[in-house]
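What follows is one structure encoded as structure tokens, with my remarks underneath.
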Amino acid sequence: MIRAITGATTVAAVIGAPVRHSLSPALHNAAFDAAGVDWVYVAFDVPHGEAVRALDAMRALGLGGLSVTMPHKEHVAHAVDELDPAAAALRSVNTVSRTADGSLRGSSTDGAGFVSSLTEAGVTVAGRRVAVLGAGGAARAVIDALARAGAADVAVVNRSVERAEEAAALAGPIGRVALVDAVADADLVVNATSVGMGADPAAGELPVDPAMLRAGQVVADLVYHPLETGLLAAARAAGATCVDGLGMLVHQAALQQHLWLGQLPDTEVMRSAALRELTSRSR
Ligand code: NAP
């Protein structure tokens, strides 16, 4: 059933370029429907360099909330009135919300969303030795959140060492740059590279030698297309516990709704909507 949009409906949106293939409208609208709130979520393709004007528009149009994706995350971090601790550390914003006094507050829910996806899978972070593969935007959010959640050691493995150093520094004293051997010793292995994205899991390149994976480890892949990546298939075969990338996508969106509405949405509804969308696109 299509919801009636009236003059009282609150509009939320994602800004990015390109944004046409974003799953966010499907996730957020499904959760708004399930919660029975009078909100609607749309996507705006905002060209590079126009993020600050989009924030002005958010104020002028009274948008209830904004999701921010590439290439605007850093620009928005400089333009909002205040930042949450994760966004300040990362100098990157994926969520803008309005405070009671009308200020715009920038948050980063990606890392916390990742930790929530682990919690949902029954995996605790506190005290764990973690190997993070990758040092891009997603890896940085994950590294920051792992340190906040009490990881014992965060080893960052990346092709470009300079980026690895910058990313590892986000974890403070427990962060370090490491070689790929760190995977064998880790309790939790996180693929935050784009290796495996859009690849046939049977034929695709793996971000790590599967011989390093073992039972007792948790292996999480941030890649969610395909959902069962080559890495997760290899980890499953080795007896490791697997966490797919859709959990992070869903939980970062759920935390956005918590910031906008003050209530957490039904994450199962969001996950089903994302799966439906991914399935329809792969037909
Ligand atoms: P990014 O900033 O472009 O970073 C890409 C990372 O992958 C870099 O560390 C890069 O290494 C590494 N990389 C790329 N190709 C590689 C290769 N062939 N071999 C080894 N390393 C390689 O991208 P991002 O935004 O961090 O996203 C990374 C992945 O996470 C993407 O697949 C994205 O879809 C996924 N993601 C998922 C979620 C979610 O909610 N599940 C959220 C955000 C992102 P260098 O630094 O050496 O170039």
Side-chain angles (χ1 to χ4, degrees), residues 14 16-19 21-24 26-28 67-74 86-87 90-95 107-118 120-121 131-146 154-170 175 177-180 182-183 189-199 201 203-209 219-232 242-257 267 270-271 273-275 277-278 281:
V14 56
V19 80
H21 296 292
S22 170
L23 291 174
S24 295
L27 267 75
H28 283 291
S67 306
V68 182
T69 188
M70 297 310 290
H72 303 309
K73 290 182 166 191
E74 286 78 21
L90 299 165
R91 296 184 305 279
S92 171
V93 159
N94 79 334
T95 313
S107 308
S108 179
T109 65
D110 282 332
F114 173 69
V115 171
S116 294
S117 77
L118 293 178
E120 184 182 56
V132 177
L133 310 172
R140 289 168 59 85
V142 162
I143 290 164
D144 175 73
L146 287 168
V154 178
V156 180
V157 180
N158 194 49
R159 196 171 53 174
S160 135
V161 177
E162 199 177 311
R163 275 183 110 188
E165 282 166 356
E166 283 173 22
L170 288 164
V177 177
L179 297 174
V180 74
V183 166
V189 180
V190 184
N191 176 38
T193 74
S194 37
V195 175
M197 189 74 181
E205 184 193 0
L206 297 182
V208 68
D209 180 352
V219 178
D221 204 334
L222 302 199
V223 171
Y224 54 81
H225 179 64
L227 203 53
E228 178 81 350
T229 58
L231 174 67
L232 290 187
C242 294
V243 180
D244 68 49
L246 209 49
M248 174 173 169
L249 186 77
V250 163
H251 283 277
Q252 61 79 29
L255 292 171
Q256 293 187 321
Q257 288 210 9
T267 50
M270 287 180 136
R271 187 175 170 93
L275 281 171
E277 192 67 22
L278 285 171
R281 287 177 191 188

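One-based numbering, in listed order, for ligands and for the atoms of each. Numbers here are sequence positions counted from 1.
Residues Glu277 and Leu27 have side chains not in contact (no heavy-atom distance under 4.5 Å, counting atoms from C-beta outward). Counting heavy atoms from C-beta on, the side chains of Leu246 and Leu278 come closer than 4.5 Å. Considering only heavy atoms from C-beta on, Arg281 comes within 4.5 Å of Leu23 through its side chain. Contact of the Arg159 side chain with the Thr193 side chain is not registered, since no non-hydrogen atoms from C-beta on lie closer than 4.5 Å. Using a 4.5 Å heavy-atom threshold, the side chains of Lys73 and Asp110 count as touching.
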List the atom pairs, donor and acceptor, that lie under 3.5 Å between side-chain atoms in residues 161-170 and the rest of the protein, sequence neighbours left out.
none

Show me the short polar-atom pairs for ligand 1: any N or O of it lying under 3.5 Å from a protein N or O, with distances only.
unit_1: ligand 1; atom_1: 2 (O); unit_2: Gly137; atom_2: N; d: 3.1
unit_1: ligand 1; atom_1: 7 (O); unit_2: Ser194; atom_2: N; d: 3.3
unit_1: ligand 1; atom_1: 9 (O); unit_2: Ala135; atom_2: N; d: 2.9
unit_1: ligand 1; atom_1: 9 (O); unit_2: Asn158; atom_2: OD1; d: 2.8
unit_1: ligand 1; atom_1: 11 (O); unit_2: Asn158; atom_2: OD1; d: 3.2
unit_1: ligand 1; atom_1: 26 (O); unit_2: Gly137; atom_2: N; d: 3.2
unit_1: ligand 1; atom_1: 26 (O); unit_2: Ala138; atom_2: N; d: 2.8
unit_1: ligand 1; atom_1: 40 (O); unit_2: Leu249; atom_2: N; d: 3.2
unit_1: ligand 1; atom_1: 41 (N); unit_2: Leu222; atom_2: O; d: 2.9
unit_1: ligand 1; atom_1: 41 (N); unit_2: Gly245; atom_2: O; d: 2.8
unit_1: ligand 1; atom_1: 46 (O); unit_2: Asn158; atom_2: ND2; d: 2.9
unit_1: ligand 1; atom_1: 46 (O); unit_2: Arg163; atom_2: NH1; d: 2.8
unit_1: ligand 1; atom_1: 47 (O); unit_2: Asn158; atom_2: ND2; d: 3.4
unit_1: ligand 1; atom_1: 47 (O); unit_2: Arg159; atom_2: NE; d: 3.2
unit_1: ligand 1; atom_1: 47 (O); unit_2: Ser160; atom_2: N; d: 2.9
unit_1: ligand 1; atom_1: 48 (O); unit_2: Arg159; atom_2: NH2; d: 2.8

